[in-house]
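Here is the structure we will look at.
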Amino acid sequence: MTSLAREPQPNERIGISPRNSSLDQRYSRQILFPGIGAEGQRKLGTARVAIIGCGATGSALATLLARAGVGTLRIIDRDYVEPSNLQRQALFDEQDAAESLPKAIAAARKIAAFNSQIVVEPKVEDLVPANIEALLEGVSLLLDGTDNFETRYLINDYAVQHSLPWIYSAAVGSYAVTLNVLPGRTACLACIFPDSPRGMVETCETSGILNSAVNLVASVAATEALKFLVGDLSAPHLRRTLLSFDVWTNEHAEISAANPRPGCRACGQHDLIHLAGEGRPHITLCGRNSVQIHERQRPIDFGEMDRRLQSQGVVRHNDFVLKFWHDPYEMTLFPDGRAIIKGTTDTAVARSLYARFVGS
Ligand SMILES: [Zn+2]
């Protein structure tokens, strides 16, 4: 008697295979692709990449590179998961939003569930001049998952100073744009945009965003990242243009970025003003009516803070965040003293709430 649907035999371990063969199988389809091959896969396995910002683009980049077997991903994000993220931020789910989990932590957990064989280093921090050396130490490629030009210029200055490659990626509305930067060899971000470009200061809040625009830019940037990591920097493989694409109107453009611009502030004159910045105590976040207060290291005991705030409003906390509601404001506090205050864009109001409830 034969059956097409073969019955499992006694002692047969369905779905469980020895570690090495499972590794070979995991990446077998990617190894078959000539641009990667066995040697490329080995290089990916030893690579260390930082993803700065883990919102929509960062989630998509992290998903692609983690599944592709990049050995170490350092995921840096200052924010926590909210319901409005779920439309496009593919690494998060409803439970993450209900728990207000920091995005870096939620991302690390989700990645561990689909690839436990790589290392993810979650960093719940805001990248600023004061911590950039520590946060980006030891990585060979920087990927942009941020939502603001201030941080991108900081990344660009750092990349120029350390001659590190980085990939600029942005998506807003139906529009996606990306650029590879090889400092000293191709145009840097400041070569192309000496100042924040006016047309691109729209935010997710003012223009909305399509998840497909995010996935398009992340797919292009993640592929360029693979080329960097396997060492295929040759033209025309590694793109040397600023590529933009509108997934709704189908307008697209490429501007040459093959050469640095003579006299560029960053890569020409090495005037790294963003890296030399004093840090940013107040920041209004993208896509929300909120202000971030970034104190110098000011460790907070959540248990004690929870007890102190009980009489002032609703409080709850887990290991990663403490949330406090004091109508009409909502304060989210991180263990290092950083806070995001929702319900205002007035930094003075945010500062005074922080001083009143956390301390000045
Ligand atoms: Zn430049």
Side-chain angles (χ1 to χ4, degrees), residues 52-55 58-59 62 74-86 89 91-113 120-128 130-131 134-135 147 279-360:
I52 302 144
C54 194
S59 273
R74 190 172 300 158
I75 297 179
I76 304 160
D77 193 281
R78 65 188 184 189
D79 217 343
Y80 57 91
V81 183
E82 292 186 284
S84 67
N85 302 151
L86 302 180
Q89 303 189 12
L91 275 177
F92 311 130
D93 61 32
E94 292 177 359
Q95 188 61 32
D96 299 329
E99 292 178 29
S100 299
L101 269 192
K103 291 181 181 179
I105 302 290
R109 288 184 179 177
K110 210 56 54 77
I111 291 169
V120 179
E121 301 173 344
K123 304 284 181 188
V124 186
E125 291 194 61
D126 188 21
L127 188 81
V128 291
N131 63 18
L135 283 176
D147 58 8
R280 295 162 289 169
H282 311 292
I283 300 172
T284 303
L285 293 179
C286 162
R288 274 208 307 255
N289 177 28
S290 57
V291 173
Q292 174 182 243
I293 296 196
H294 194 156
E295 290 290 290
R296 262 174 247 143
Q297 290 295 315
R298 179 201 186 95
I300 295 203
D301 179 333
F302 280 173
E304 197 239 312
M305 185 63 67
D306 196 314
R307 282 188 293 280
R308 248 176 61 194
L309 293 174
Q310 288 290 346
S311 61
Q312 308 289 328
V314 177
V315 199
R316 62 181 175 87
H317 76 272
N318 55 29
D319 289 348
F320 308 105
V321 292
L322 179 145
K323 297 202 84 156
F324 170 55
W325 289 267
H326 181 84
D327 212 35
Y329 307 108
E330 176 188 313
M331 186 186 295
T332 303
L333 209 52
F334 296 88
D336 63 357
R338 193 164 57 84
I340 295 173
I341 295 163
K342 208 166 163 181
T344 182
T345 50
D346 184 334
T347 55
V349 168
R351 164 61 67 191
S352 102
L353 286 164
Y354 188 92
R356 182 170 157 203
F357 295 116
V358 184
S360 51

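Predicted model, so just to flag it, every value in this text is computed and none were measured. We count residues from 1, following the sequence as given.
Although no hydrogens or angles enter the test, the distance criterion places no donor-acceptor pair under 3.5 Å between the side chain of R351 and the main chain of I293. Proximity of a side-chain donor or acceptor of R308 to a complementary backbone N or O of F357 within less than 3.5 Å is detected.
For A107 against F92, the heavy-atom pair with the smallest separation is N-CE2, 3.8 Å. Between C54 and Q89, the closest heavy-atom pair is O-OE1, 4.2 Å. Of all non-hydrogen atoms in I341 and A350, the two that sit nearest each other are CD1-O, 3.3 Å. Nearest heavy atom pair, residue D126 against residue Q292, reads OD2-NE2, 2.9 Å. Counting all heavy atoms, side chain and backbone alike, R74 lies closest to L135 at NH1-O, 2.9 Å. The nearest pair of heavy atoms linking F334 to P102 is CE2-CG, 4.4 Å.
Between K323 and E330 there is a salt bridge, since a side-chain N of the basic residue sits under 4.0 Å from a carboxylate O of the acidic one.
Side-chain contact check for E94 versus L86: some heavy-atom pair is nearer than 4.5 Å. You'll find the side chain of L309 stays beyond 4.5 Å of the side chain of R307, heavy atoms only. Using a 4.5 Å heavy-atom threshold, the side chains of S100 and V321 count as touching. The shortest distance between side-chain heavy atoms of K123 and R78 does not fall below 4.5 Å. Here the side chains of I75 and V120 are in contact, with some heavy-atom distance below 4.5 Å. At a threshold of 4.5 Å between non-hydrogen side-chain atoms, the residues F302 and R316 do not count as touching.
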### Task
Could you walk me through whether D77 and K103 pass salt bridge (charged side-chain N to carboxylate O under 4.0 Å, His left out), step by step?
CA-CA 6 Å; D77 193 281; K103 291 181 181 179; 5.2 Å; no
### Task
Run the numbers on I76 and E121 for side-chain contact (heavy atoms from CB on, under 4.5 Å), then give the verdict.
CA-CA 8 Å; I76 304 160; E121 301 173 344; over 6 Å; no
### Query
Going through the distances and angles, do V291 and D346 end up as a side-chain contact (heavy atoms from CB on, under 4.5 Å)?
CA-CA 7 Å; V291 173; D346 184 334; over 6 Å; no
### Task
Please step through side-chain contact (heavy atoms from CB on, under 4.5 Å) for the pair V124 and D79, ending with a clear verdict.
CA-CA 8 Å; V124 186; D79 217 343; over 6 Å; no
### Query
Which is it for L333 and F324 under the side-chain contact (heavy atoms from CB on, under 4.5 Å) test, yes or no, and what are the steps along the way?
CA-CA 8 Å; L333 209 52; F324 170 55; over 6 Å; no
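For the side-chain hydrogen bond (donor to acceptor under 3.5 Å, both in side chains) test, residues two or more places apart in sequence or in another chain that qualify with D96 are K110. For Y329, the ring pair (Phe, Tyr, Trp, His ring centres under 6.0 Å) test picks out no residue, with sequence neighbours left out.
E99 and N318 share no donor-acceptor pair across their side chains, judged by distance under 3.5 Å alone. Using a 3.5 Å distance cut-off with no hydrogens or angles, the side chains of Y80 and T332 do pair a donor with an acceptor.
Once rounded to the nearest 0.5 Å, the distance linking CZ of R356 with CD of Q312 reads 6.0 Å. The CG atom of D301 lies 10.0 Å from the CG atom of D306; values are rounded to the nearest 0.5 Å.
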